[in-house]
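Since the structure comes first, as structure tokens, the remarks are kept for the end.
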2 protein chains.
Amino acid sequence: MHGSKRVLFLDLVLSVFRLNGLLIAEGDDMTEGLGLTHARWKVIGAIALSNNGLTVPGIARVLGQSRQAVQRITDVMVEDGLLEYHKNPKHKRSVLVLLSEQGKEIYNTLREVQDPWAIDATEDIPVEELETALRLIRRLIKKFN
Amino acid sequence: MHGSKRVLFLDLVLSVFRLNGLLIAEGDDMTEGLGLTHARWKVIGAIALSNNGLTVPGIARVLGQSRQAVQRITDVMVEDGLLEYHKNPKHKRSVLVLLSEQGKEIYNTLREVQDPWAIDATEDIPVEELETALRLIRRLIKKFN
DNA sequence: GGTACAATGACAACATGCTGACAGTTGAAG
DNA sequence: CTTCAACTGTCAGCATGTTGTCATTGTACC
């Protein structure tokens, strides 16, 4: 009988939905004044975490979104001077997306708010619990991928 | 120095974003053929879990969304015969949203797919890990609420 | 009872996400 | 070298979510 396990898991799923919304709200609060929406700081974060830049479909894979949705955002962000398209030696059409100088400045400003936030959020949570939760979430990601 | 804990947490945040997207995709796959979108099965689920029906703003609070977004969905779902608006003895304007007969049937059909899915997804995951992860996520939800 | 504040429905403008479709590019298998 | 499937950019249509605004209804406080 796996009844309680099933309920436990459905509870987890609903909680992930809820936490997802709250995390986006937190991010939007943090980026208030930087002129960023959640779609934008997600892209900036994904690029900043990569060393050599990412292609548009690459960003989409990291964020778990469609490449078309990411393409639309990056196009506007390039127009706004936050990102730059660079030639990709490995692909004639698929350019690399990198942070512009302005984009880097905004990311640094974001980090100044984000770092204390992350530390505060995990203040009273043991590292082991974070690791267990992350491992479980990764396992589910792999399963559903 | 909380550096590694900070990185661990940011990794967790990104993974929650990713898992959120994958779970919605899983739900959409399960409801394929039922004519439901994720906005719709979330509403049906929220109402089904409540005993006496919910008002539109009430659904919004449960799902962590704006009442306007939920209102638009429920209006169309009433038109489509999935939901019904009933008089609310406690409020002259704010009606109660309930599942119609067709809505109940669809929810039952959904359960027939959802239950095996939940069992399969957690097949090789110990209950203790599920509980640890859920506890952590709930703690974060409470923190950001 | 009256009054101030919160909650609700309704509508609009906008940002974001998805899928489908089509053409050009890449890479791997034959 | 050829061929074909997968990947990519681009455009279009549509569903969803957010914020803002306004009038109406509820509630709490005096």
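To find a chain, count down the sequence lines: A is the first, B the second, and so on, and within it residues start at 1.
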Query raised in the report: Is there any ring pair (Phe, Tyr, Trp, His ring centres under 6.0 Å) pair reaching into residues 102-131 of chain A, and which pairs are they, with sequence neighbours excluded?
Result: A/Trp117-B/Phe9, A/Trp117-B/Phe144
Query - Pair B/Leu82-B/Arg40, side chain to side chain contact (heavy atoms under 4.5 Å, CB included): steps then yes or no - result: CA-CA 9 Å; B/Leu82 298 172; B/Arg40 294 182 175 214; 3.8 Å; yes
Query raised in the report: Would a 4.5 Å heavy-atom cut-off, applied to side chains only, mark A/Asp28 and A/Trp41 as touching?
Result: yes
Query raised in the report: Restricting to pairs with a member in residues 113-122 of chain A, which pass salt bridge (Lys or Arg N to Asp or Glu O under 4.0 Å), not counting sequence neighbours?
Result: A/Arg111-A/Asp115, A/Asp115-B/Arg6
Query raised in the report: Can you find a heavy atom in the side chain of B/Asn20 that is under 4.5 Å from one in the side chain of A/Leu19?
Result: no
Query - Quiz item: A/Arg93 side-chain donor-acceptor pair to D/dT8 base, under 3.5 Å - result: yes
Query raised in the report: Does any non-hydrogen side-chain atom of A/Leu14 lie less than 4.5 Å from one of B/Leu49?
Result: yes
Query raised in the report: Nucleotide by nucleotide, 5' to 3', does protein get under 4.0 Å of the base (B), only the sugar-phosphate (S), or neither (-) in nucleotides 12-21 of chain D, counting heavy atoms?
Result: ----BBBBBB
Requested in this report: Could you tell me the separation between the NE2 atom of A/His91 and the P atom of D/dC7, rounded to a whole number of Å?
Outcome: 11 Å
Query raised in the report: Is a side-chain donor or acceptor of B/Thr31 paired with a backbone partner of B/Leu34 at a separation under 3.5 angstrom?
Result: no
Query raised in the report: End-to-end bend of the helix from C/dG1-D/dC30 to C/dG30-D/dC1 (five-pair axes, 10° rounding)?
Result: 50°
Requested in this report: Kindly indicate whether the side chain of B/Val97, heavy atoms from C-beta on, has any atom under 4.5 Å from the side chain of B/Ile47.
Outcome: yes
Requested in this report: Give a yes or no answer on whether the side chain of A/Lys5 reaches the backbone of B/Ile125 with a donor-acceptor pair at less than 3.5 Å.
Outcome: yes
**Report entry** Non-hydrogen side-chain atoms of B/Ile59 and B/Leu63 separated by less than 4.5 Å
**Finding:** yes
Query raised in the report: Going 5' to 3' along DNA chain C, which nucleotides are the first and last within contact of chain A (any atom under 4.0 Å from a heavy atom)?
Result: C/dT16 to C/dT26
Requested in this report: Residues of residues 81-90 of chain A with any non-hydrogen atom less than 4.0 angstrom from an atom of DNA chain C: list those, numerically ordered, please.
Outcome: none
Report summary line: On a heavy-atom basis, the closest approach of A/Arg18 and B/Val62 is CD-O, 3.9 Å
Requested in this report: Quick one: closest heavy-atom pair of A/Lys42 and A/Ile24, and the distance?
Outcome: NZ-CD1, 4.0 Å
Report task. Have a look at B/Val95 and say if it touches a base, only the backbone sugar-phosphate, or nothing, with a 4.0 Å heavy-atom cut-off. Result -> sugar-phosphate
Report task. Would you indicate what A/Val43 reaches in the nucleic acid, counting non-hydrogen atoms under 4.0 angstrom: base, sugar-phosphate, or nothing? Result -> nothing
Query - Test item: B/Asn88 side-chain N/O and B/Leu96 main-chain N/O as donor-acceptor pair under 3.5 Å - result: no
